[in-house]
Protein chains: 4
Amino acid sequence: MARPKSDDRRNAILSAATRIIAIEGLSAATAAIAKEAGIPNGSLFTYFETKADLLNQLYVELKTEMAAAALERLPLASDIHTQMRHMWFHSLRWATSYPEKRRTLAHLAVSEDITPDSRQKGHQTMVGIAKLLEQSRQNGPMHDVPLALVAALMSAMADATIDFMTQDPAHADKHATAAFDAMWRMLT
Amino acid sequence: MARPKSDDRRNAILSAATRIIAIEGLSAATAAIAKEAGIPNGSLFTYFETKADLLNQLYVELKTEMAAAALERLPLASDIHTQMRHMWFHSLRWATSYPEKRRTLAHLAVSEDITPDSRQKGHQTMVGIAKLLEQSRQNGPMHDVPLALVAALMSAMADATIDFMTQDPAHADKHATAAFDAMWRMLT
Amino acid sequence: MARPKSDDRRNAILSAATRIIAIEGLSAATAAIAKEAGIPNGSLFTYFETKADLLNQLYVELKTEMAAAALERLPLASDIHTQMRHMWFHSLRWATSYPEKRRTLAHLAVSEDITPDSRQKGHQTMVGIAKLLEQSRQNGPMHDVPLALVAALMSAMADATIDFMTQDPAHADKHATAAFDAMWRMLT
Amino acid sequence: MARPKSDDRRNAILSAATRIIAIEGLSAATAAIAKEAGIPNGSLFTYFETKADLLNQLYVELKTEMAAAALERLPLASDIHTQMRHMWFHSLRWATSYPEKRRTLAHLAVSEDITPDSRQKGHQTMVGIAKLLEQSRQNGPMHDVPLALVAALMSAMADATIDFMTQDPAHADKHATAAFDAMWRMLT
DNA sequence: AATGAATGAGACTTCATTCAT
DNA sequence: TATGAATGAAGTCTCATTCAT
């Protein structure tokens with residue numbers, strides 16, 4: 001290999017895209033992303049064939065990171081309520097700590113450019129969370145509702161909570177707690 | 001400036017925009033919308049000063065329609081659980097009956113072009129629903145959580161449910177019921 | 001109609017394209033053509049949907065003009081040899097009088113962008129010439145060769161002759177005569 | 001600079017270029033040619049300084065091959081009519097046997113990138129054919145027409161015939177014969 | 001008021017060639 | 001010498017908005 005493709009550059013592009021899209025939305029120009037990444041115009045296309053390709057890879061990347069953050073240091077020895085609580089707060093902390101990532105992920109999630117395949121990959125990243133959820137609802141009223149629906153409801157609640165926390169950061173923790181309790185009531 | 005002559009044309013544009021945006025997203029060209037509406041491209045700007053203006057008006061319109069649909073024929077004489085159930089199913093039916101409207105509304109909701117003022121108006125349309133919600137949570141565990149958070153949670157749950165119903169229409173009613181019950185547990 | 005599409009502008013574009021393509025070949029930029037035509041960049045696409053569209057229309061236009069020139073003031077009362085001679089010399093005169101048109105037509109003729117439909121239209125313009133040819137070969141050795149092949153041979157000979165005349169204009173007439181006589185021997 | 005090491009690679013590039021240009025035209029990317037040749041894109045420029053250089057060498061190569069094919073196994077002992085006939089059919093067979101070579105050669109022949117020097121070399125390859133032609137017309141009506149014009153006429157006729165044979169392969173031989181006879185009438 | 005042609009900035013992407021490895 | 005990533009100018013086409021008619 002002459003000059004290997006640089007992971008640093010790829011990451012610089014992804015990271016620049018996250019920042020720019022958070023501000024400008026999906027109509028952000030590839031040239032703006034390249035500039036923010038400190039690389040020339042055409043080099044972006046060495047790493048991503050098309051803008052849509054960049055968007056899809058960014059989507060999967062951010063989804064993966066979010067899921068990983070949610071399960072970080074999960075207290076496997078504790079009871080399920082504690083584990084869920086841990087997961088809930090870690091998710092919310094990630095989202096409020098990296099508002100650009102979350103905002104960009106929200107943009108990507110509704111984009112026509114994200115392929116079914118990428119959405120599938122995005123789903124895959126959530127299997128760890130799904131397992132927790134499965135245990136949580138085991139003996140509860142939702143035990144025979146499709147797990148995907150339960151997951152979608154929980155995820156939607158988390159999203160709504162994050163929005164609220166972002167708007168009213170002074171009481172972020174209180175909101176997070178109230179929403180978790182609500183979610184737990186839903187499940188059990 | 002007096003209102004332009006033809007309300008028909010205005011509505012034709014709004015309706016065309018709903019259809020086109022559902023398919024092409026917010027990057028739909030104004031010329032495409034005009035064509036779908038059967039009017040010359042320049043005439044669109046007689047009715048809406050800018051594309052952003054069109055988008056904002058469409059947002060408010062759709063929000064209003066959705067809220068109205070939710071409260072249609074509300075059984076005011078019945079107990080609150082019955083009323084909420086009614087509202088929930090009417091919301092979901094509207095969304096599944098007019099998938100283009102819902103899809104376009106989802107696009108608009110995340111657009112940078114929608115002004116705070118329009119969002120405010122969108123909120124206003126939901127006061128009827130908020131009142132129901134206020135009553136529902138009155139003696140329950142969420143009685144001192146900000147009503148806006150409760151509303152956001154419910155709304156997010158409804159959205160997630162609609163997505164699910166759309167993907168699996170055969171069991172739409174079952175999903176709607178399961179989700180309503182979940183929401184009611186959250187509240188009470 | 002607000003402002004009718006201007007035939008002048010369309011012709012200016014076609015004419016500019018002829019000039020530019022003669023010099024730069026088919027890789028001539030649409031921007032260069034627009035500039036030569038004295039119109040802004042984007043306006044070219046008001047008259048021609050794509051560059052390929054412009055190329056196709058130009059092809060048909062030039063073919064038509066060439067065929068018309070060949071048959072101009074055809075001495076219908078004279079014998080067929082005289083008529084053919086007239087046609088031959090008029091064709092060659094047109095080509096040598098408008099070298100840019102001919103050069104551009106030559107470029108277009110081998111372009112991948114010219115559709116079968118345009119080529120068909122190009123052929124149609126030559127039916128008048130084909131009729132002359134039909135008469136000419138009537139009792140000759142080529143009377144049962146496909147007319148299209150005879151036409152292709154004659155046309156190829158004319159082309160080769162034009163090239164030669166252009167390279168050696170001092171003896172243009174002599175070459176034209178020699179080639180006509182050769183062609184006539186072929187036919188009769 | 002000594003000739004680069006691998007003639008195989010050079011030939012692989014030339015052959016790949018022939019295939020790709022036949023399909024995509026002269027706008028074929030050097031990277032596409034390299035890929036078709038199974039070599040890295042940068043290596044192409046070890047063998048050819050520029051794309052134009054590659055094109056010029058390919059032009060001369062194909063011209064040479066075509067001329068060689070025309071004169072292969074020429075029956076020197078036979079009379080001139082037989083020799084010409086042989087040459088004519090061999091030319092046509094080569095062109096119909098290697099349609100990609102012929103198509104690419106046609107593209108190259110009209111390219112602005114082919115230098116006068118290359119065209120000159122291309123001409124040189126045809127001296128053998130020219131000699132045949134010289135003999136053929138010796139006592140005929142074209143004996144004092146510039147030989148180059150006669151050659152151009154014959155060559156144009158062959159080209160037109162090949163096109164026709166390609167379009168209607170079922171009667172290829174019949175067309176080839178008819179055209180040869182026509183050409184012979186022109187000459188004698 | 002209504003029309004639709006006109007505008008030109010800017011979008012994405014390609015590509016011949018160079019050069020670090 | 002061989003490689004293939006890097007470059008950035010240039011290409012085609014789109015589009016919201018304006019304005020002559």
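Below, read A as the first sequence line, B as the second, and so on, with proteins coming before strands; counting in each chain starts at 1.
The shortest non-hydrogen separation linking A/Y47 to A/R9 is OH-CD, 3.5 Å.
Side chains of A/S15 and A/T18: a donor-acceptor N/O pair is absent below 3.5 angstrom, by distance only. One side chain, B/E112 or A/H107, offers a donor N or O that lies under 3.5 Å from an acceptor on the other.
Across E/dA11, F/dG4, E/dG4, the shortest atom-to-atom separation from the side chain of D/P40 is found for F/dG4. If you check F/dT3, E/dT13, E/dA5 against the side chain of C/T46, the one that comes closest is E/dA5.
The separation between A/I20 atom CD1 and E/dC12 atom C1' is 17 Å, rounded to whole Å. Here F/dC13 presents its P atom at 10 Å from CG of C/L55, a figure rounded to the nearest Å. In this structure, A/E24 places its CD atom 13 Å from C1' of E/dA11, rounding to the nearest Å. Computed from coordinates, the A/I39 CD1 to F/dG8 P distance equals 11 Å when rounded to whole Å. Rounded to whole angstrom, the span from the CZ atom of D/R9 across to the C1' atom of F/dA2 amounts to 7 Å. Taking atom NZ on C/K51 and atom C1' on F/dC13, their separation rounds to 12 Å, with Å as the unit. Between the CG atom of B/N41 and the P atom of F/dA16 there is a distance of 10 Å, given to the nearest Å. Atom CD1 in B/I33 sits about 11 Å away from atom P in F/dT17, given to the nearest Å.
Comparing B/G42 and A/F45 along DNA chain E, the residue whose closest nucleotide (by nearest heavy atom) sits nearer the 5' end is B/G42. Each of C/S43 and A/T30 was assigned the nucleotide of DNA chain E with the nearest heavy atom; the assignment lying further toward the 5' end belongs to C/S43.
Pairing partner, E/dG10: F/dC13, with both Watson-Crick or wobble hydrogen-bond distances short of 3.5 Å. Under the Watson-Crick and G-U wobble criteria, each requiring two contacts below 3.5 Å, nucleotide E/dA20 is paired to F/dT3. Figure legend. E/dA1 is base-paired to no nucleotide; pairs are counted as Watson-Crick or G-U wobble with both atom distances under 3.5 Å.
With respect to D/K121 and D/E61, no salt bridge is recorded, no charged nitrogen being found less than 4.0 Å from a carboxylate O.
The phosphate of E/dA1 has neither OP1 nor OP2 within less than 4.0 Å of any side-chain N or O from B/Y47.
B/A28 comes within contact range of the sugar-phosphate backbone alone, with a heavy-atom separation under 4.0 Å but no base atom that close. Within the 4.0 angstrom heavy-atom criterion, no nucleotide atom of any strand lies near A/S27.
The number of heavy atoms from other shown groups lying within 6.0 Å of CZ (B/F45) is above 12.
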